[in-house]
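Reminder, nothing fancy here: chain letters follow the sequence lines and each chain counts from 1. Computed from a prediction, not measured in an experiment: that's the story for all the values here.
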Amino acid sequence: MNVSLFGLFSVFVILLFIAGTYSILVTFNLIRALIGIEILIKAVTLLIILAGYLTGNLGLAQAIAITLIVIEVVFMVVAGGIVLSIFRHHGTIDTRNLRDLKG
Amino acid sequence: MFSLLVLVPFLILVAVNLSKKVAPNVACSLTALATLAQAGFVVSLPGTLLKTNNVIFTWLPDFKLAIDEFSIVVLAAIGIVAFVACCVARSTINDPGQRATFMNLLLVALIGMNTTVMLRDIFSIYLFVETIAIISFVLISIDRGRLALEGAFKYLMLSAFATILMLSSIALMLLFSPTLELSGLAEAMSVYPNPILIKLSIGLFLCGLFIKSGLFPFHWWLPDAYSAAHSAASVLLAGIITKVVGVYVLMRLSLSIFGESLHIQAMVMAVGALSIITGAVLAMTQKNFKRMLAYSSISQVGYIILATGVGTPFAFAAAAFHFFNHATFKSLLFVNAASVEKRLGTMDMREMGGLSNRMPATGITSLVGFLSTAGLPPFSGFWSKFMIVLALWAAGKYFYAAFALLASILTLGYMLILQRNVFFGKLKDGLGGVKEVGPGLVIPQLVLAAIIVLVGVCFPFVLNKFIFPVQSIFLK
Amino acid sequence: MMIDLILLSVLLIMVIWTVMAIRLVRSAVGLALTSVVLSILMFRLNASLAAVFELSVCAGLISVIFITTISFTRRMSKSDFKTRRRQRLSKFWPLPLIIIAAAILLFWRHFPSEVIFIRVPAENVRDVLWNTRHIDLFGQVLVLLAGAFGVVALFKENKK
């Protein structure tokens, strides 16, 4: 197989993107949607570290990845809080029951 | 001196939270004072201070923040809208604990926005944009109503998706640029041989920003979020937060990164034009006061984006001017909505009518906001729209110029529907007992209306002191 | 290269398992395992500090957040479980196929074959984080503040 390191990794990153986006689009469950977002963030983290490795700019790439992880945690805490509040109101986390808002 | 813009809100935040005795009202007053001081400070800046150097202050060796003429305009808008949001929060949020939380969130958002405006590093910009986004989720869901929570979750999902797009773009930028500072990035882009990678990275970032600013293909989260949020939160969100997070960052990037790329300019202009028309048409069909304002907001942001896409200094100055005007008249209309909601308890326009008789201050100020949004002279909105059309024409975009002109007739149309349904005409039955709202809401309305009228009447002064200097950024 | 390929494949399988697992708790565990594999990959790319963060924060803290959230929401009953399994199979069977098809397509076209990298002199991550990106540290403080106030706003009981 004649593939560069960048080619190999980027193909897998794209596959992760496909998996995450698919799961967000198909699911009706709020927590599963958040898990889909998590998968996408994982793919992006891998891409950032890969870019740093290939260009030798690992210091900057790692700094970015670490900041990103901090944001990710805070984001998930707030998102979890909103999901729990929705659950307290509706008794469900199924988006099919949440169609009160018209887009 | 400029570091005070970040330090003062931070100190207020610490002071308010450290001592248990500080009442939420004190926090409110302190924040209101700080934001007023901010607006006054940036407006009173002498022009010569800026001409000398671009990067003005550093705290620590590399804590670089920079300020220029465009930042001044945005900082003034932030100060004004944050002040108004303070006043609205004080008189519409009844629970003291909730009000304290709102003030804390407002202060963090204020620090975030002020810093964003002064940043020159694409990853730091992303970081602060994300911070403000997290605050907006909480702001939308602050009173934990059912609709508010759903609107917040919708915004959260889309915003997360925008985050992913922006981060992938930053990862791609790392491949061809040793630094993420905007100037270094632009330099790296100009020497890098593969244009596809550059366009891909810029395009991804732009898509993220389109989502964050609620532009055409991704606009549907915005009405839900604005209309479900608490009044004070929706003033803050619609007036300034989404503008700084999406529109300001887009304008900043167009200034320093993709200013010369014709394809991307064409894309930005097309998105702007489509947003203008979609927002205006959808606004006409709305029955809910706040939803209509939200769609109108999409349409007005479209004008800013359309002018940004032209890429000439004059068009950029026009966009900056419309940015400021939009912040003032949209927050004015949202404060009007807050007053009506406080008295009537509903936002359904079918239950309103003839409110001008009962609420004269609200009625008259909303008329000012309406005329400014619709672009009628002598209000501020007229001049900025006029400048946008002029800039489009001067740049040879005749189609877009005609389009912008025609779309402002649509604006007039939906604003007329709004006024007729809510404020004009005969008083609806059962609304006889409605009284004017208290000074807590009347004062911000009057302040905003005064700003709109003053900017419109003293137009030559404003133009020369604030708007034309924005063009000089292009010479640096 | 071979080890990378194997690790990436394991990562992908973990992700597919995470997406397709029927019980939410298993999804959360799958996410944690994904993080673990990702952090091994990051070690192999010489990003050891970020890998430690990924391992401790993402595999640890975020799974805790998810499992807490899931445990607060309602558990599925047995009959629910069976209908849900059928529904999920009907919704998710295309995913592995799409992924395999995309993989074949991308490898066959030698997807990004010639990309030029601008190499830069290496810098230590601690120097970057502590010496040249103060503003990011300030931003992190602000994000944490936002999260703290967010939790207060979302979980504090209203005094009615």
Legend entry - Contact class of C:Leu38 relative to chain A, heavy atoms under 4.5 angstrom: side chain
Inset, instruction - Measure A:Phe9 against the heavy atoms of chain C and call it side chain, backbone, both or neither at under 4.5 Å. - result: both
Legend entry - Most chain C-contacting option - heavy-atom pairs closer than 4.5 Å, from A:Thr55, A:Val74, A:Ile35, A:Leu68: A:Thr55
Legend entry - Closest non-hydrogen atom pair, C:Met42 against C:Ala51: CB-CB, 3.8 Å
Inset, instruction - Would you check if the side chain of C:Glu54 reaches a backbone N or O of C:Ser39 as a donor-acceptor pair within less than 3.5 Å? - result: no
Inset, instruction - May I ask you to decide if A:Ile24's main-chain N or O and A:Thr27's side chain share a donor-acceptor pair within less than 3.5 Å? - result: no
Inset, instruction - Considering only heavy atoms and a distance below 4.5 Å, find which of A:Val26, A:Ile39, A:Leu54 pairs most often with chain C. - result: A:Leu54
Inset, instruction - With a 4.5 angstrom heavy-atom cut-off, could you sort out which part of C:Leu45 is near chain A: side chain, backbone, both or neither? - result: both
Legend entry - Choice from A:Leu16, A:Val78, A:Val13 maximising heavy atom contacts with chain C below 4.5 Å: A:Leu16
Legend entry - Heavy-atom contact with chain A under 4.5 Å, split by part of C:Val143: both
Legend entry - Residues A:Glu72, A:Lys42: salt bridge by 4.0 Å N-O rule: yes
Inset, instruction - Measure A:Ile64 against the heavy atoms of chain C and call it side chain, backbone, both or neither at under 4.5 Å. - result: neither
Inset, instruction - Please look at C:Thr68 and chain A and tell me whether the side chain, the backbone, both or neither of the residue comes under 4.5 angstrom of a heavy atom of that chain. - result: neither
Legend entry - Side chains of C:Phe66 and A:Leu34 in contact at under 4.5 Å (non-hydrogen atoms): yes
Legend entry - Residue part contacting chain A, namely of C:Leu49, when any heavy atom lies under 4.5 Å: both
Inset, instruction - Select, from C:Ala146, C:Ala47, C:Cys58, the one with the greatest count of heavy-atom pairs under 4.5 Å involving chain A. - result: C:Ala47
Inset, instruction - Could you pull out the closest heavy-atom pair between A:Arg32 and C:Arg23, with the gap in Å? - result: NH2-C, 4.0 Å
Inset, instruction - With a 4.5 angstrom heavy-atom cut-off, could you sort out which part of A:Thr67 is near chain C: side chain, backbone, both or neither? - result: both
Inset, instruction - Identify which of C:Leu11, C:Leu12, C:Val57, C:Ile98 forms the greatest number of heavy-atom pairs closer than 4.5 Å to chain A. - result: C:Leu12
Inset, instruction - State whether the number of non-hydrogen atoms from other residues, nucleotides or ligands found under 6.0 Å of C:Ile3 atom CD1 is greater than 12. - result: no
Legend entry - Closest heavy-atom pair and its distance - A:Thr45, A:Ile41: OG1-O, 2.7 Å
Legend entry - Heavy-atom pairs under 4.5 Å with chain C, option from A:Val70, A:Leu15, A:Ile71 with the top count: A:Leu15
Inset, instruction - Report, as yes or no, whether the 6.0 Å neighbourhood of atom OH on A:Tyr22 holds more than 12 heavy atoms from other residues, nucleotides or ligands. - result: yes
Inset, instruction - Name the region of A:Ala19, side chain, backbone, both or neither, that has any atom closer than 4.5 Å to a heavy atom of chain C. - result: both
Legend entry - Any donor-acceptor N/O pair, C:Ser27 side chain to C:Thr18 backbone, under 3.5 Å: yes
Legend entry - Largest heavy-atom contact set with chain A, pairs under 4.5 Å, which of C:Ser35, C:Ala28, C:Gly30, C:Ala148: C:Ser35
